[in-house]
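To start, the structure itself, in C-alpha cells.
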Amino acid sequence: MDDQPRLMHSSHGVGMAGHPGLAQHMQDGTGGADDEGRKQDIGNILQQIMTITDQSLDEAQARKHALNCHRMKPALFNVLCEIKEKTVLSIRGAQEEEPPDAQLMRLDNMLLAEGVSGPEKGGGSAAAAAAAAAAGGVGSDNSAEHSDYRAKLSQIRQIYHTELEKYEQACNEFTTHVMNLLREQSRTRPISPKEIERMVSIIHRKFSSIQMQLKQSTCEAVMILRSRFLDARRKRRNFNKQATEILNEYFYSHLSNPYPSEEAKEELAKKCSITVSQVSNWFGNKRIRYKKNIGKFQEEANMYAARTAANATSVSTHGSQANSPSTPNSAGGYSSPCYQSDRRIQ
DNA sequence: TCACATGATTGGCA
DNA sequence: TGCCAATCATGTGA
C-alpha cells in the first residue's frame, strides 16, 4: 500500500524536466516556505520556452545536420549496430527460428482437399460427391442437394479468398510503412538492414497467425456444411412401390435361400433405381424381420407365391425360362416358410 | 399424436 | 467381408 508514496518520492530527482519536488508539489499541493522558490522555477521554464525563436530552432537544425554529416557518424553507427547484433538481437534471433507449423500444414491440406484453397475444381463437386458416396445414398433430389452444397462451398471459398486478399494487402501496406519508418529513423539512430529484415519477418509472422485463424474458421465452416450435407443424406426416403414389389418378389421366390449374389444385387439395384448397398440393407432387414415374425408375413408370402406361380405358368406357356432376379428360379417352399438350404433363417 | 413400418447405421461374429 | 441383431431416425396412416 505504501508503494505509491515511495515511487512519487523517487521521482523527485528527475521529475518534470529536472525540477526537484515539482511533481510532488503538484501532486499533494503542499505549499509553505518552498512555494515561492517553486513558482520561480516554473517561471524560469516558461521564460525559456517563450524565448525559443525561429533562430534558435534553425540553430538546432543546423547542429543536427552537422552531426548527421559528421565524418565519424557512419563508423559510429556501424559499431553500434554490431553491438546490437551481438547482444539483444542475436538472442532474439535464436528464439525466432521456429519449425514450420504442423497445424497450419494440416489446415492447408484440408482446405485444399475440400476445394476451398488452390485452383477451383468445379466448386468442390468432388468433395460433395465424396460426401454423398460416404452417405451411400442416391436419392431423386441428389443433384439438387449437390448443387446446394456446391453453392455454399463456393460461398465459403469466396469469403476465404476475399479475406485472405485483405490480410495480404494489409500485411504488405504495414510492412512497407514499417520499413519506410525504420529507414527514416536509421538516419538518426543505428538500425542495420538485418534489423529491418528481422522486423519484417516478425510482422509476417503476426499476419500469418491471423491467417491461420482465418483458415481455422474456414475449416470449421466447411466441416459444419459437410456434416449438414451428410445429415441431409441420412434422411430416409421409402422406396417406391415398384421397387418394393421387385425386391419382395425376389425375396419370396428365393425364400429357401434369400441371399442374392453380387450380380443379382446389381441387377436388382438397377431395376429399383437404388444402390447395391441399399439392396443389401433391404435384404438384411427383410430376412431378420421375416424371421422374427413369420406369421405376420405369411399373407404377403402367399400373395407373392401366387403371383410367381402365375408368372411361371405364363413363362412355361411361352416356352421361355429366363433366369433373372425378377423371374424366380428356385423352389419357393412357401407352404412352409422356412429355409431349406444350408444358409437359412432358423 | 401415436403406433407401426421401414431404410440406415453400428458393433460383433465367423 | 458379409451377415446378424439391435437400434436409430424418419415416413406413414389412422
Side-chain angles (χ1 to χ4, degrees), chain A residues 113-114 124-150 152-153 222-308 323-326 328-334 336-346:
Chain A
E114 290 295 334
S125 59
V138 186
S140 58
D141 52 352
N142 187 34
S143 60
E145 282 176 14
H146 249 189
S147 65
D148 189 38
Y149 181 89
R150 276 204 303 273
K152 280 176 179 151
L153 194 69
V222 171
M223 290 319 274
I224 289 166
L225 176 68
R226 203 181 160 91
S227 68
R228 277 184 191 160
F229 180 70
L230 286 171
D231 282 350
R233 300 276 69 218
R234 191 188 157 93
K235 274 180 187 168
R236 193 174 63 78
R237 292 278 182 279
N238 286 352
F239 298 155
N240 62 43
K241 212 171 178 180
Q242 199 190 348
T244 314
E245 292 265 306
I246 292 167
L247 294 167
N248 271 318
E249 229 167 76
Y250 186 95
F251 179 80
Y252 288 112
S253 63
H254 294 76
L255 209 49
S256 59
N257 185 29
Y259 298 87
S261 64
E262 273 306 302
E263 291 76 29
K265 279 182 193 173
E266 277 171 25
E267 202 168 338
L268 283 167
K270 213 171 176 181
K271 283 190 170 183
C272 301
S273 303
I274 57 176
T275 64
V276 172
S277 63
Q278 280 177 307
V279 172
S280 299
N281 283 340
W282 189 93
F283 273 89
N285 285 323
K286 190 73 183 180
R287 279 191 297 265
I288 195 99
R289 281 161 189 165
Y290 179 84
K291 189 184 112 177
K292 272 186 178 174
N293 199 345
I294 292 173
K296 192 184 113 187
F297 287 96
Q298 192 59 62
E299 201 180 325
E300 194 178 57
N302 291 338
M303 189 191 83
Y304 279 101
R307 194 180 294 181
T308 307
N323 187 9
S324 77
S326 59
N329 62 348
S330 68
Y334 296 120
S336 177
C338 64
Y339 303 142
Q340 293 150 6
S341 70
D342 55 335
R343 203 182 195 179
R344 63 186 174 194
I345 300 171
Q346 292 155 356

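In what follows, chains carry the letters A, B, and so on, assigned in the order in which the sequence lines appear, proteins first and then strands, with residues in each chain numbered from 1.
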* What nucleotide, of dG2(C), dA5(C), dA8(B), holds the atom closest to the side chain of K291(A)? -> dA5(C)
* To do: Using atom CG of N281(A) as one end and atom C1' of dC4(C) as the other, report the distance to the nearest whole Å.
  => 13 Å
* Asked: Any Lys/Arg nitrogen of K265(A) or E262(A) sitting under 4.0 Å from an Asp/Glu carboxylate oxygen of the other?
  -> yes
Short N/O separations, protein against nucleotides 4-6 of chain B, under 3.5 angstrom:
unit_1: dT6(B); atom_1: O2; unit_2: R236(A); atom_2: NE; d: 3.1
unit_1: dT6(B); atom_1: O2; unit_2: R236(A); atom_2: NH1; d: 3.4
unit_1: dT6(B); atom_1: O2; unit_2: R236(A); atom_2: NH2; d: 3.2

* Starting at CZ of R237(A) and ending at C1' of dA9(C), how long is that distance when rounded to a whole Å? -> 12 Å
* Asked: What is the distance from CZ of F283(A) to P of dT1(C), rounded to the nearest Å?
  -> 22 Å
* Heavy-atom distance under 4.5 Å between the side chains of K286(A) and N248(A), does that happen here? -> yes
* Asked: Taking the six-membered ring where the residue is Trp, are the ring centres of F297(A) and Y252(A) under 6.0 Å apart?
  -> no
* Are R307(A) and E245(A) ion-paired here, with the side-chain N under 4.0 Å from a carboxylate O? -> yes
* Structure fact -> Between CG of N240(A) and P of dG7(B) the distance, given in whole Å, is 11 Å
* Is there a side-chain polar atom (N or O) of K286(A) under 4.0 Å from OP1 or OP2 of dG7(B)? -> no
* Asked: Taking OP1 and OP2 of dC4(C), is either one under 4.0 Å from a side-chain nitrogen or oxygen of Y259(A)?
  -> yes
* To do: Can you see which heavy atom on C272(A) is nearest to which on L247(A), and at what distance?
  => SG-CG, 4.0 Å
* To do: Kindly give the heavy-atom pair with the smallest separation between E266(A) and V276(A), and that separation in Å.
  => CG-CG2, 3.7 Å
* Rounded distance in Å - CD1 (I288(A)) to P (dC3(C)) -> 13 Å
* Structure fact -> In F283(A), Y304(A), Y259(A), the residue satisfying ring pair (Phe, Tyr, Trp, His ring centres under 6.0 Å) with Y250(A) is F283(A)
* Return the value, rounded to whole Å, for the distance between atom CG of N285(A) and atom C1' of dA8(B). => 8 Å
* **Whole angstrom value for the distance that separates C1' of dA5(C) from NZ of K292(A)** => 6 Å
* So, is R287(A) near the phosphate of dC4(C), with a side-chain N or O under 4.0 Å from OP1 or OP2? -> yes
